[in-house]
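To start, the structure itself, in structure tokens.
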Amino acid sequence: MYKALIDDIFYDSEGTEETTFPATDEDLLILTEKFLGFEIPSKVFLQAIAIADYDGAAAFRYVDNYLTTLKNKKKRKQKKLLVLGYSTRFDNN
């Protein structure tokens with residue numbers, strides 16, 4: 001038991017490499033569906049596919065981060081819009 005604790009203490013997580021897996025066809029379909037409903041540059045879509053070719057999890061993080069950024073920009077633009085209307089109080093009939 002003590003040996004396991006000592007090994008745990010001296011375990012260097014930075015020195016280990018993460019295992020990456022390419023995206024499956026089903027994963028690529030899900031990635032594509034995530035982009036539906038958004039206007040995105042083709043280079044962003046192709047970049048996501050290229051990332052998925054060697055690391056499926058990283059491709060999903062890339063898509064999620066891009067869409068989150070896109071949604072936040074859209075919210076900021078909507079807040080800056082000023083809706084002007086007219087008042088019937090000041091009509092000069």
* Asked: In the single-linkage hydrophobic clustering (I, L, V, M, F, W, Y; side-chain heavy atoms under 4.5 Å), do Leu46 and Leu28 co-cluster?
  -> yes
* To do: Determine whether Ile40 and Ile30 fall in the same hydrophobic cluster, where Ile, Leu, Val, Met, Phe, Trp and Tyr are linked whenever their side-chain heavy atoms lie under 4.5 Å apart.
  => yes
If you compare all heavy atoms of [X] against all heavy atoms of [Y], which two are closest, and at what distance to 0.1 Å?
| X | Y | answer |
| --- | --- | --- |
| Thr20 | Tyr54 | OG1-O, 3.5 Å |
| Leu70 | Glu39 | CD2-O, 4.3 Å |
| Arg61 | Asp55 | NH2-OD2, 4.3 Å |
| Ile51 | Ala59 | CG2-N, 3.5 Å |

* Glu26 CD: over 12 foreign heavy atoms closer than 6.0 Å -> no
* Can you establish whether the number of heavy atoms outside Asp25 located under 6.0 Å from its atom CG is more than 12? => no
* Would you check, one step at a time, whether the test side-chain contact (heavy atoms from CB on, under 4.5 Å) holds for Leu31 with Phe45? => CA-CA 9 Å; Leu31 278 175; Phe45 177 73; over 6 Å; no
* Atom OH of Tyr62 and atom CD1 of Ile49: how far apart are they, to the nearest 0.5 Å? -> 10.5 Å
* Going through the checks in order, is the side-chain contact (heavy atoms from CB on, under 4.5 Å) test met by Gln47 and Tyr66? -> CA-CA 11 Å; Gln47 180 68 31; Tyr66 182 83; over 6 Å; no
* Are a donor atom and an acceptor atom from the side chains of Thr24 and Asp27 found within less than 3.5 Å of each other? -> yes
